[in-house]
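Worksheet: the structure to be examined is printed underneath.
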Amino acid sequence: MVQNGIVQPIRLETGVNHLALKSACSNSGASTLAASALNCSMAACSLGNRLVACLLNVSEARSKDLVETVAKAALFNTEGVRREGTTVLNIFNDHDYNRSVITIVASIDSIREAVLAACEKAYGLIDMRDHSGGHPCMGAVDLIPIYPLGEEVGVERCAEEARAVAQGLTERVQGTSAFLFGWADSPLQRGLAQRRKEMGWFKKKPDMQTVGPDIGPQPQERFGLTGVGASPYVINCNVTIDTQDLALGRSIATAIRESTPGGLPGVQVLALPHDGAVEIACNVESVKGRYPSNMTAGEPWPSFSIQGQPYCHAPASLITARVAELAGRQGIGTKNTALVGFTPHECRSLAELALSQGIAEFWKEQHRIRM
């Protein structure tokens, strides 16, 4: 959905179990594209064997032109020549949070330069001294996660590229600094939530003078601090509850968080004020193996494999139902669920379609299908 020319999430009604992609295609009348993307031929699928995705998080959403300029920098060099084998599938924008997520997909051999170019552009255009928004953040480029999509690429290879990206950032843009997470944080492999806590990311006003980056100098106020890492795919699923009671939102977030007994595997959660309500903002990490035997009711857990190793993640329908149940006990309803981006299968299928048809700015094409 587009408002004022800026990408907005497709909002799914509470309890709806179909994928956001199908909803988007239905709403736009682009069922033919959906069929092509989700049922690609063997030849098209071969394009995806070495694909990876970077869901680039930048601390700007209120300027459409600025965010799209950053996205285009991933696709075209300074002379305007297109980088082959690279596409931007989606730009998710949240005006209230003042945060955008740009989905860049390329081969593992091409992702580094695409991401570095986009980040270099973002650092030049976004000044954290002027930033305001409802979402925690520490950097103009706040997060650079790299996820494997193709069978020939493992998480360890993505981690190598993530470390190279972090080093490249500090060399190309003087004064920038980064911390590492996930597989890129060798040998500890600390998760994103842990690393953010260590860096002070969750604080309303992080003290940059007390932060110790892994790469680069002490963080500067203009650029802030960037998280760079690699892991199996992470879904973002946000459920809005119809209240302004942040304490209630936090209690729900605690109840569904993975670290809570009875919580949902792989789910990391924040409760944040959002557009006059409270959003239960979930990072849904993929977990190794098949879906948990004690959670087989309802929609099956979406699954995929990385170099033959099975992974799965909690479905949006389950997260929505759990939030609705907990809010309902307090007489509060849910308003909607937003998926930021795609499932791993959707991401790869759409990337194969875009690359096979030579579409770089995919977020603009095909009846403006966006998540």
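When a residue number appears, it is its place in the shown sequence, counting from 1. The basis for the numbers below is simple: all heavy atoms, side chains too, and nothing from hydrogens, waters or symmetry mates. Nothing here was measured: the structure is a model prediction, and the numbers come from that model.
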Would you call R99 and D94 a salt bridge, taking side-chain N to carboxylate O under 4.0 Å as the test? no
### Carboxylate-amine/guanidinium contact R157 E152, below 4.0 Å
no
- Query: Between E279 (side chain) and T240 (backbone), is there a donor-acceptor pair under 3.5 Å?
  - Reply: no
Between P136 and W201, the two heavy atoms sitting closest are O-CZ2, 3.1 Å
Review point. Is it true that E221 and R129 have a side-chain N and a carboxylate O under 4.0 angstrom from each other?
Key: no
### Task
State whether a side-chain donor-acceptor pair under 3.5 Å links T337 with T320.
yes
| message | Distance alone, cut at 3.5 Å: any donor-acceptor contact between the side chains of R83 and N77? | response | no
* Asked: Under 3.5 Å, side chain of R257 to main-chain N/O of V269, donor-acceptor pair present?
  -> yes
- Can you tell me if T69 uses its side chain to pair, donor with acceptor, with the backbone of D65 under 3.5 Å? yes
Check your understanding: Taking atom types as modelled, is there a side-chain donor on Q209 or Q218 under 3.5 Å from an acceptor on the other?
Key -> no
Inset, instruction - Flag the pair R348 and E151 as a salt bridge only when some basic side-chain nitrogen lies within less than 4.0 angstrom of an acidic carboxylate oxygen. - result: yes
For the pair D214 (side chain) and L180 (backbone), establish whether a donor and an acceptor sit closer than 3.5 Å, ignoring hydrogens and angles.
yes
Answer with yes or no whether the side chains of Y123 and T226 bring together a donor and an acceptor at under 3.5 Å. yes
- request: Keeping the roles fixed (side chain from E346, backbone from T343), state whether a donor-acceptor pair exists under 3.5 Å.
  value: yes
Looking at L188, is its backbone amide N or carbonyl O close enough to the side chain of D185 to form a donor-acceptor pair, meaning the two atoms are under 3.5 Å apart?
no
Is it true that H95 and D275 share a donor-acceptor pair across their side chains at a distance under 3.5 Å?
no
- Task: Might you confirm whether atom CD of Q307 has over 12 heavy atoms from other residues, nucleotides or ligands at distances under 6.0 Å?
- Result: yes
Exercise. Looking at the rings of H313 and Y233, which for Trp means the six-membered one, are their centres under 6.0 Å apart?
Worked result: no
- Message: Donor-acceptor pair, distance only, cut-off 3.5 Å: does the side chain of D242 make one with the backbone of I332?
- Response: no
- Is a side-chain donor or acceptor of E113 paired with a backbone partner of L116 at a separation under 3.5 angstrom? no
- Task: Tell me yes or no: between the side chains of S107 and S110, is some donor less than 3.5 Å from an acceptor?
- Result: yes
